[in-house]
Amino acid sequence: MQVIETLAEGLKREIKVVIPAKDMEDKMNERLADVKDKVRINGFRPGKVPAAHLKKVYGKSIMADLVNEIVREQPAAILSSRGEKSATQPEIAMTEDKDEADKILAAQQDFEFTLSYEVLPPIELKSVKGIKVTREVIDISDDEVNEQVLKVAESARAYETKTGKAANGDRITMDYVGKVDGEAFEGGTDQGAELVLGSGRFIPGFEDQLVGVKAGDEKTITVTFPADYPAKNLAGKEATFDVTVKDVAAPGAVEINDELASKLGIESADRLKEIVRGQIESQYGSLTRQKLKRQILDQLDEMYKFETPNSLVDAEYNGIWSQVNNDLAQSGKTFEDEDTTEEKAREEYKTLAERRVRLGLVLSEIGEKAGVEVSEDEMQRAIYDQLRQYPGQEKQILEFFRSQPGAAASIRAPIFEEKVIDHLLTEIDVTDKKVTKEELLAEEEGEAKAETKKAAPKKKAAAKAEAAEAGEGEEAAPKKKAAPKKKAADESAE
């Protein structure tokens, strides 16, 4: 087998592989000899089939199997022998001419194919001793814990039907039909909907007009959707809702005690407070971690400047750009609405994609040199977390992970990355700084605002991409309900 390098330009490589027809024929004859005693052909005793006849019957199929094996197994072996790692799966090109293909299968012509790929750039790791980061930490007060416990209690409070008029704080049960220009719109109808007046869940003006209604009342409410409402077909439009009140219920008293905890499946009020404190600590800890990680990544980004494989950058960019366009379509906005142009946005997202690929390669190299590994238990826990998000679809998801090698890699990658960050935190200079809740959140908001000004809908798609670098999840920002429920317009807009 001849391996000839035909292109070495930057990270791009092209390899021509030639396997002489004689070698292919020898391999085929070996396979034919193996099956000679196993095949059954009418007119011949077992093991007595002439080689020429055996070749005529099985030759082409065996050669086809050989070709498939070679293109499946040799690329990895060739790259290994060259000491190279391909950024993505190498592209394999073979002849598409039928006559040539037939000659190859008949061992009358050399078998040739071409490998095209980009190599991962060599990365010479630098000392991280100069990296200095500040870890912001806050003390959680009893008042904040009690405030959150009170919210839990309010969400679990009981309501009791009343005969009087509905007031703010009361819960009403209703049927409604929403209309625009006299026509009911898709998703604008619901039955048995529950709403606590004054909660601000529905669009402005809706709840106010229900104050004073009684069970059995029928009322038409007129409201105007906000101009920036996500569903473009409703934004800025006046709508009416024909409401039938089915029930009015007054809220019960809110008491934080063992009885409340028992309703929530918790053994005591003290244990409830412990759980709430833990959740708050986790939330703030996540924020602290995000900001800490961003500091590390920013400094690594300054330390390493090298050419990145276009194939990886393009894949990263295409993912970001697809999300950008989905967000724009859902919001009904354009790049001009976000004070930028498509050209400028593309440039920024391409730069972001390059940064993420470069940092990913650096972290991978650091982790490999440090012996960072993702255990089977960690993978199983991560997959289980995925299963919990899609109840009823567990079998399909498990099958997906089994059948798609890349799916498991997508689960492993973020776990590996976080473990590399953990490793770096043991190597770099970390200074703890006590801050208030307001300081922690105010700085994060400032970063978000600055990010918003950078490019178009970066506050959604690309912001998610950069946030992912820092380990951030998608935030569920409070939204006004649709018309009035989320299915009242476009659920995806919610």
Side-chain angles (χ1 to χ4, degrees), residues 1-122 307-315 318 402-409:
M1 181 174 69
Q2 290 180 291
V3 178
I4 307 161
E5 183 177 77
T6 56
L7 175 68
E9 184 178 293
L11 300 178
K12 293 182 179 180
R13 299 288 185 273
E14 189 172 281
I15 305 294
K16 182 180 180 180
V17 181
V18 181
I19 303 176
K22 181 66 170 60
D23 291 352
M24 295 292 289
E25 185 175 30
D26 289 345
K27 289 179 180 291
M28 176 188 65
N29 289 333
E30 289 176 9
R31 297 283 179 91
L32 288 172
D34 287 340
V35 302
K36 181 179 179 182
D37 296 332
K38 302 174 186 177
V39 298
R40 296 292 183 268
I41 299 178
N42 291 335
F44 297 96
R45 287 180 296 163
K48 301 299 183 180
V49 182
H53 190 71
L54 204 60
K55 181 177 180 179
K56 180 179 179 182
V57 176
Y58 294 107
K60 280 194 174 182
S61 64
I62 287 177
M63 285 291 276
D65 288 341
L66 283 170
V67 167
N68 288 332
E69 287 178 17
I70 289 169
V71 298
R72 184 173 64 247
E73 298 171 1
Q74 284 303 314
I78 291 170
L79 263 66
S80 178
S81 67
R82 291 169 56 86
E84 295 176 337
K85 291 182 179 179
S86 176
T88 57
Q89 190 72 17
E91 293 183 10
I92 300 174
M94 296 182 289
T95 182
E96 295 183 2
D97 184 273
K98 186 178 183 306
D99 290 338
E100 289 186 3
D102 286 341
K103 288 180 181 179
I104 292 171
L105 295 180
Q108 297 172 358
Q109 180 173 307
D110 295 347
F111 173 43
E112 298 182 8
F113 64 94
T114 301
L115 297 179
S116 301
Y117 57 96
E118 286 183 289
V119 295
L120 291 177
E307 184 182 2
T308 51
N310 287 330
S311 54
L312 293 180
V313 173
D314 288 344
N318 289 337
R402 291 193 192 100
S403 61
Q404 300 292 331

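In terms of heavy-atom proximity, Pro90 sits nearest to Leu115 at CB-CD2, 4.5 Å. Of all the heavy atoms in Val71 and Ile92, the pair that sits closest is O-CD1, 3.3 Å. The two atoms that bring Pro309 and Leu11 nearest to each other are N-CD1, 3.6 Å, heavy atoms only.
For Glu69, the side-chain hydrogen bond (donor to acceptor under 3.5 Å, both in side chains) test picks out Arg31, with sequence neighbours left out. Here Phe111 pairs with Phe113 under the ring-ring contact (aromatic ring centres under 6.0 Å, His included) rule; sequence neighbours left out. Take Ser61 and apply the side chain to side chain contact (heavy atoms under 4.5 Å, CB included) test, not counting sequence neighbours, and it matches Tyr58.
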| said: Under the criterion side-chain contact (heavy atoms from CB on, under 4.5 Å), I'd like the reasoning laid out for Val67 against Ile70: C-alpha separation, chi angles, the key distance, then a yes or no. | reply: CA-CA 5 Å; Val67 167; Ile70 289 169; 5.7 Å; no
| Step-by-step salt bridge (charged side-chain N to carboxylate O under 4.0 Å, His left out) determination, Lys98 to Asp102 | CA-CA 6 Å; Lys98 186 178 183 306; Asp102 286 341; 3.1 Å; yes
| Residues Met1, Asp23; criterion side-chain contact (heavy atoms from CB on, under 4.5 Å); working and verdict | CA-CA 8 Å; Met1 181 174 69; Asp23 291 352; 5.9 Å; no
| said: Quick one, Lys103 with Asp99, criterion salt bridge (charged side-chain N to carboxylate O under 4.0 Å, His left out). Give me CA distance, side-chain angles, the key distance, then yes/no. | reply: CA-CA 6 Å; Lys103 288 180 181 179; Asp99 290 338; over 6 Å; no
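The structure places CD of Glu118 at 5.0 Å from CG of Asn310, a figure rounded to the nearest 0.5 Å. Of the inter-residue distances, the one linking Gln2 atom CD with Asp110 atom CG reads 8.0 Å to the nearest 0.5 angstrom. Atom CD of residue Glu73 and atom CG of residue Asn68 lie 10.5 Å apart, to the nearest 0.5 angstrom. To the nearest 0.5 Å, the span separating CZ on Arg13 from OG1 on Thr6 amounts to 11.0 Å. Rounding to the nearest 0.5 Å places CD of Gln74 at 13.0 Å from CD1 of Ile15. One distance of note links CZ of Arg82 with CD of Glu5; it measures 4.5 Å at 0.5 Å rounding.
Using modelled atom types, no side-chain atom of Thr95 and backbone atom of Ala101 make a donor-acceptor pair closer than 3.5 Å. Side chain of Glu307 to backbone of Pro121: no donor-acceptor contact under 3.5 angstrom is found.
Counted within 6.0 Å of CD on Glu96, heavy atoms from surrounding residues, nucleotides or ligands total 12 or fewer; the atom is thus considered open.
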